[in-house]
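Please read the structure below before turning to the comments.
What you are looking at is a predicted structure, and each value in this text was computed from that prediction instead of being measured. Here is the naming used below: chain letters follow the sequence lines, and residue numbers restart at 1 for every chain.
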Protein chains: 2
Amino acid sequence: MKSVLVSEDHAIVRFGITTIIKDLLEPVKVVEAADFDETVRHLTEQPFDLLILDINIPGGNNLQMISAVRLRQPNIRILIFSGYDEQMFGINYIQAGADGYLEKHAPEEEIRRAIVTMAENGKYLTPGIRTRLMDHAAHHGHGSRQPVNPLLGLSGREKEVLLLLAKGISVMNISRALNLQVTTVSTYKSRIFEKLNISNVIELAEMVRLYSN
Amino acid sequence: MKSVLVSEDHAIVRFGITTIIKDLLEPVKVVEAADFDETVRHLTEQPFDLLILDINIPGGNNLQMISAVRLRQPNIRILIFSGYDEQMFGINYIQAGADGYLEKHAPEEEIRRAIVTMAENGKYLTPGIRTRLMDHAAHHGHGSRQPVNPLLGLSGREKEVLLLLAKGISVMNISRALNLQVTTVSTYKSRIFEKLNISNVIELAEMVRLYSN
DNA sequence: ACGGTTTGTAGTAATAGTTCGACATTCCAG
DNA sequence: CTGGAATGTCGAACTATTACTACAAACCGT
């Protein structure tokens, strides 16, 4: 009998996922966890075939979750279950060793497909992420399962500006601080946004928070 | 036979709610809507006893939703179903005429209780909101507890803008989303900054993260 | 019921920020 | 070594945002 661990903080979502799993995979044993500590506890206590993991789970929310899980159960299948806001980090989770990626706002059909596919092949990627992964693999090295820090792709000047922007300093004040024209700083800002594939300073601050250890 | 309309954009949540409703209220007819337009369409076509309404539903997301619903079905029971970020709007929606308020992260038990209670008495409030409503009614006396949530000092419109700003949306796009002049939104932004004593959106996002429990 | 305060909303004028194209430098893979 | 790509920098022409000011409607305390 298969066993699945569902780690997700919203009870209603957990309930939905659990119900669908039971519907699709019966006979199956489903265990639920509402935060990352609980997740780890369950992983320590018993083996699972599949882990459905919300990126935003309290106590988790970072790439190390993957290794923390793999440390306990090297062969478990990990399906990342992410909300809108995290979709840009999807690639990193896959590269960090997750086996699948599913978006929270996916239609019911896709959710079912993902669960079945994960149970059978151990792999599933939302179409969007799949193509993005391809692109990525084409450009960069291949098969390196390590998460890339997107901030490292920035040039020196760009990083300087990045940090100031992340503190909420205005373009104009940055230009004063660095003795540059406003337009120059603005150009860096655009290039940063483009390289990080974001579109506003809030996302930028979040990136910095996540990746500037 | 009771009939319920579930308006919520995430399929998985809709599925969970629908499943629970069927479990609790059988025999019952449940209809689902993924955005506000669809919601209105269903309301126009047939009568419902209960509407479970996600605040963040695409095409909705504002207090007028309540009147839009009441316009078609004056006696429908409206249960607001809100995510974290909106908890501070609870009061506004109740005051705007909703009959109940339930948080998305509520445990399954509470969700069930809310649905049954709504079906029976037509009223339900999450404990948190209930006490806050009391406080509100008890015209802010003294004996104020230490940690006051500064976000609560904002007016309704200000809070709406706040959340959008915290997502990194530009003043101009917010003005489009809310159908206001750019300058109006800018005025709100200034008032927010002043009330929260901050000076840029990064700090704003941080505040929201800290206080939007 | 009265008068101050807060809230929702804008307009005008001034300020800040973006786009895009440009150009010299510096890097880097073949 | 060499040519295309990445970097550092800017100006001109826009576009977006803010500062102030203003005013009606809602709210609130007494």
Side-chain angles (χ1 to χ4, degrees), chain A residues 138-141 150-205, chain B residues 61-64 66-67 88-89 91-97 133 135-142 150-205:
Chain A
H139 289 299
H140 301 283
L151 301 189
L152 297 178
L154 301 179
S155 76
R157 221 48 169 151
E158 285 163 356
K159 276 183 263 186
E160 277 185 83
V161 172
L162 170 89
L163 261 357
L164 298 176
L165 284 173
K167 287 184 184 166
I169 301 176
S170 69
V171 168
M172 170 155 280
N173 280 139
I174 293 176
S175 77
R176 288 189 181 128
L178 300 182
N179 255 301
L180 293 171
Q181 288 313 116
V182 177
T183 57
T184 307
V185 175
S186 210
T187 298
Y188 293 147
K189 188 175 175 183
S190 306
R191 287 182 185 167
I192 291 168
F193 278 17
E194 197 186 336
K195 286 188 179 177
L196 299 185
N197 191 234
I198 57 182
S199 57
N200 57 250
V201 284
I202 304 287
E203 290 178 289
L204 182 148
Chain B
N61 208 337
N62 60 56
L63 289 177
Q64 274 110 280
I66 303 292
S67 8
M88 62 181 153
F89 294 143
I91 294 178
N92 300 81
Y93 279 87
I94 293 299
Q95 287 174 339
L133 248 192
D135 285 9
H136 219 253
H139 55 64
H140 80 79
H142 11 264
L151 301 189
L152 296 178
L154 302 179
S155 77
R157 222 44 170 154
E158 284 163 359
K159 280 184 262 185
E160 280 186 80
V161 171
L162 170 89
L163 286 195
L164 298 176
L165 285 172
K167 285 185 184 163
I169 301 174
S170 69
V171 168
M172 170 154 278
N173 279 141
I174 292 175
S175 77
R176 287 188 182 128
L178 300 182
N179 253 301
L180 292 172
Q181 287 312 118
V182 180
T183 56
T184 306
V185 176
S186 208
T187 299
Y188 294 146
K189 188 173 175 185
S190 306
R191 288 181 183 166
I192 291 168
F193 278 19
E194 197 187 335
K195 286 187 179 178
L196 300 185
N197 192 234
I198 56 182
S199 58
N200 57 251
V201 284
I202 305 287
E203 290 179 286
L204 182 148

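Near DNA chain D, meaning a heavy atom under 4.0 Å from it, residues 193-205 of chain B has no residue at all.
Distances shorter than 4.0 Å separate some side-chain N or O of A:S190 from OP1 or OP2 on C:dT19. For the pair A:K189 and C:dG17, the criterion of a side-chain N or O lying under 4.0 Å from OP1 or OP2 is not met.
Comparing the axis of the opening five pairs of the helix from C:dA1-D:dT30 to C:dG30-D:dC1 with that of the closing five pairs yields an angle of 60°, rounded to 10°.
Note that the CE atom of B:M172 and the CD atom of B:Q181 stand 9.5 Å from one another [nearest 0.5 Å]. Here the straight-line distance linking atom CD of B:E160 with atom CD1 of B:I174 works out to 10.5 Å at 0.5 Å rounding. Once rounded to the nearest 0.5 Å, the distance linking OG of B:S175 with CD1 of B:I169 reads 11.5 Å. Separating the CG atom in B:L151 from the NZ atom in B:K159 is a distance of 8.5 Å, to the nearest 0.5 Å. Between atom CZ of residue A:R157 and atom CG of residue A:L180 there is a gap of 4.5 Å, rounded to the nearest 0.5 Å. In this structure, CZ in A:F193 is found 6.5 Å from CG in A:L165, a value given to the nearest 0.5 Å.
Separating the CG atom of A:L165 from the C1' atom of C:dA16 is a distance of 14 Å, rounded to the nearest angstrom. Remark: C1' of D:dA6 and CD1 of A:I192 are 15 Å apart, rounded to the nearest angstrom. Here C:dT6 presents its P atom at 14 Å from CG of B:L154, a figure rounded to the nearest Å.
A salt bridge does not link B:R191 with B:E194: every distance from a Lys NZ or Arg NE/NH1/NH2 to an Asp or Glu carboxylate oxygen is 4.0 Å or more.
In this structure, the side chains of B:V201 and A:N200 stay at 4.5 Å or more apart for every pair of heavy atoms. With a 4.5 Å cut-off on side-chain heavy atoms, A:K189 and A:L204 do not count as touching. Side-chain contact between A:L162 and A:L196: present, with at least one pair of heavy atoms (C-beta onward) separated by less than 4.5 Å.
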Once each nucleotide of nucleotides 8-16 of chain D is scored for protein heavy atoms under 4.0 Å, what B/S/- sequence comes out, 5' to 3'? BBBBB---S
Under the side-chain contact (heavy atoms from CB on, under 4.5 Å) criterion, do B:L164 and B:L178 qualify, and how do the steps go? CA-CA 10 Å; B:L164 298 176; B:L178 300 182; 4.2 Å; yes
